[in-house]
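Below: one structure, written as structure tokens.
Please read these numbers as outputs of a predicted model, since none were measured by experiment.
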Amino acid sequence: MDARQLDGLYARLWRAYGPQNWWPTTDVDNPRFEILIGAVLTQHTAWTQVEKAIATLRAAGPMTPDALLAYGQQLPELIREAGPHNIKAKRLQTLCRWFVDNGGFEVLDARATGDLRAALKSCRGIGPETADAILVYAFDRPQFIADAYAFRIFERLGLWSAPRHYESLRECVEQAAGPRDSQHFNELHALLVAHAKRCCRKRVPACLECCLYDRCAFAASQHAPRPGRAT
DNA sequence: ACCCAGGGTCATA
DNA sequence: TATGACCATGGG
């Protein structure tokens, strides 16, 4: 994967889907903290479910780390609709404890990206992808989020064939992208998710409605035609 | 009745 | 290091 291929993909995604305005938040007072919560809640869980859990949390009280910690053992019930809620309640409270103990945004904003990333990952339940999502959307750091959608799309475009190792794809894309603004990675990830949801579903292995085919919004793409298909 | 979702951890071998 | 089980609710 080189810069031309990556830029070409980005341009086609942008043309097809336009600005995604991520990360979606509902809290006008402290949207940044809500991103941390949403990043944990959305682990292996549909975003529609996360919205419900966040709405329940907001109805219960302020979305602050202290409030979430104070819920104690009743936090799981408040986020019940977000998939594995018992585990996620613990992860949220671990993250809240870390956030408070490390001085909140005021202090965290001053830390170098690599250091901040390592600190986030030291929390149980915060893996590489969740850490990068938080870095991009809550801390405006330029990181590529190498999620399952990214692997699926890059594989189907012939831009990735190695094993699905998170750091490998992240480094490869960041290398190809070159020096970029956080907004670029913000939009790139959101566009990949938008495209995956629209026409790269998991159960369509041949990618019949994906960008390799004329019927898709990506039809004008410049990548090589599919083998066995008329040019 | 399945498969899947904006993952991560832990126990095995 | 590399799989598999597990979490657990709701939509397609």
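Residues A/Ala133 and A/Ile145 come closest through the heavy atom pair CA-CD1, 3.6 Å.
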Output the pairing pattern of DNA chain B as a dot-bracket string, 5' first, Watson-Crick or G-U wobble with both distances under 3.5 Å, | for cross-strand pairs, [ ] for crossing pairs. .||||.|||||||
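Ion pairing of A/Glu174 with A/Arg180 is absent here, as no side-chain N (NZ or NE/NH1/NH2) approaches a carboxylate O to less than 4.0 Å. Using a cut-off of 4.0 Å between Lys/Arg side-chain N and Asp/Glu carboxylate O, A/Asp147 and A/Arg170 are scored as not salt-bridged.
Under the 3.5 Å distance criterion, with hydrogens and angles disregarded, no donor-acceptor pair is assigned to the side chains of A/Gln143 and A/Thr113.
Each of A/Ala46 and A/Gly125 has a nearest nucleotide on DNA chain B; the 5'-most of these lies closest to A/Ala46. Summary of the strand contacts: A/Thr45 and A/Thr48 both lie near DNA chain C, and taking for each the nucleotide with the nearest heavy atom, the more 5' one is attributed to A/Thr45.
Between A/Leu36 and A/Arg32 there is no side-chain heavy-atom pair separated by less than 4.5 Å. Within the 4.5 Å cutoff, no side-chain heavy atoms of A/Val50 are placed close to those of A/Ile79.
Between the C1' atom of B/dG7 and the CZ atom of A/Arg164 lies a distance of 14 Å, rounded to the nearest Å. In this structure, the NE2 atom of A/His44 is 7 Å from the P atom of B/dA5, given to the nearest Å. Rounding to whole angstrom units, CD of residue A/Glu187 and P of B/dG6 are separated by 17 Å. Between the CD atom of A/Glu51 and the P atom of B/dG6 there is a distance of 11 Å, given to the nearest Å. Between the OH atom of A/Tyr149 and the P atom of B/dG6 there is a distance of 3 Å, rounded to whole Å. Distance CD (A/Gln143) to C1' (B/dG6): 17 Å, rounded to an integer number of Å. In this structure, CG of A/Leu120 is placed 12 Å from P of B/dG8, rounded to the nearest angstrom. In this structure, CD1 of A/Ile145 is placed 9 Å from C1' of B/dG6, rounded to the nearest angstrom.
A cation-pi arrangement, defined by a distance under 6.0 Å to the six-membered ring centre and an angle within 45 degrees of its axis, is absent between A/Arg117 and A/Phe139. Cation-pi geometry between A/Arg198 and A/Tyr17 is not satisfied (NZ or CZ under 6.0 Å from the ring centre, within 45° of the ring normal).
A close approach under 4.0 Å does occur between a side-chain nitrogen or oxygen of A/Lys52 and OP1 or OP2 of C/dG11. Contact check, A/Thr130 against B/dG8: a side-chain N or O comes under 4.0 Å of OP1 or OP2.
Evaluation of A/Trp47 against the base of B/dA5 yields no stacking contact (centre distance < 5.5 Å, interplanar angle < 30° required). For the pair A/Trp22 and B/dG6, the ring geometry qualifies as stacking, because the centroid separation is below 5.5 Å while the planes lie within an angle under 30°.
Ring-plane geometry between A/Trp23 and A/Trp47 is classed as perpendicular, the angle between the planes exceeding 60 degrees on a 0 to 90 degree scale with a lower cut at 30. Ring geometry for A/Tyr137 against A/His189 counts as tilted: the plane angle lies between 30° and 60°, on a 0 to 90° scale.
Using P as the reference atom, B/dC10 and C/dA8 are 14 Å apart when rounded to the nearest Å. For the P atom pair drawn from C/dT3 and B/dG6, the interatomic distance equals 25 Å after rounding to whole Å. Separating the P atom of B/dC3 from that of C/dG4 is a span of 15 Å, rounded to the nearest Å.
For A/Gln43, the listed nucleotide lying nearest its side chain is B/dG7; candidates were B/dG7, B/dC10, C/dG11. Comparing B/dA5, B/dC10, B/dG6 against the side chain of A/Arg152 picks out B/dA5 as the nearest.
For DNA chain C, the residues of residues 71-100 of chain A within the heavy-atom distance limit of 4.0 Å (strictly under) are A/Arg80, A/Glu81, A/Gly83, A/Pro84, A/His85, A/Asn86, A/Ile87, sorted by number.
Donor-acceptor pairing under 3.5 Å, judged by distance alone, is present between the side chain of A/Lys197 and the base of B/dG6.
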